[in-house]
Asker: 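Attaching a single structure in structure tokens format; questions to follow.
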Amino acid sequence: MDRIDIHKDQTVVKTIILGSRILAQGIYKGETAKGTVQIKIGQKLYEGQPVS
């Protein structure tokens with residue numbers, strides 16, 4: 001996965017897959033050591049595999 005540099009005035013939206021069929025799109029928060037991506041939707045933080 002390419003490194004994403006986020007500036008203060010920019011918001012990056014990413015899509016992840018949760019389980020086998022659910023896709024979620026939210027504000028990119030970072031990557032974990034195990035290679036999953038974290039996104040924020042409202043007040044909740046979700047973690048899943050990135051969608052290419």
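Just so you know, these numbers use all the heavy atoms, side chains as well, and skip hydrogens, waters and symmetry mates. Throughout, numbering of the chain's residues begins at 1 and tracks the sequence.
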Asker: To the nearest 0.5 Å, what is the distance between NZ on K40 and OH on Y28?
Answerer: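 Spacing of NZ (K40) from OH (Y28) equals 15.5 Å.
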Asker: On a heavy-atom basis, which atom in G35 and which in P50 lie closest, and how many Å separate them?
Answerer: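 Nearest heavy atoms, G35 then P50: O-CD, 4.1 Å.
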Asker: Go through it in stages, so that I can follow the logic: the residues are L45 and K29, the test is side-chain contact (heavy atoms from CB on, under 4.5 Å), and I'd like the CA-CA distance, side-chain angles, deciding distance and then a yes or no.
Answerer: CA-CA 8 Å; L45 196 62; K29 288 300 183 181; 3.8 Å; yes
Asker: Does I22 share a hydrophobic cluster with I16, counting links as ILVMFWY side-chain heavy atoms below 4.5 Å and allowing steps through other members?
Answerer: yes
Asker: Do you know which two heavy atoms are closest between E47 and L18, and how far apart they sit?
Answerer: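 Looking at all heavy atoms of both residues, the shortest contact is O-CD2, 3.3 Å.
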Asker: Walk me through whether I39 and I27 qualify under side-chain contact (heavy atoms from CB on, under 4.5 Å).
Answerer: CA-CA 5 Å; I39 62 169; I27 309 232; over 6 Å; no
Asker: Among residues at least two apart in sequence or on other chains, which ones pass salt bridge (charged side-chain N to carboxylate O under 4.0 Å, His left out) with K44?
Answerer: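 Expected list: none.
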Asker: If I take atom OH from residue Y46 and atom OG1 from residue T36, how far apart are they, to the nearest 0.5 angstrom?
Answerer: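 Separation between the atoms: 15.0 Å.
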Asker: With the 4.5 Å side-chain cut-off for hydrophobic clustering, are V37 and I41 part of the same group?
Answerer: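 Same hydrophobic cluster.
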Asker: What's the spacing between E31 CD and K34 NZ if we round to 0.5 Å?
Answerer: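 Between E31 CD and K34 NZ, I get 13.0 Å after rounding to 0.5 Å.
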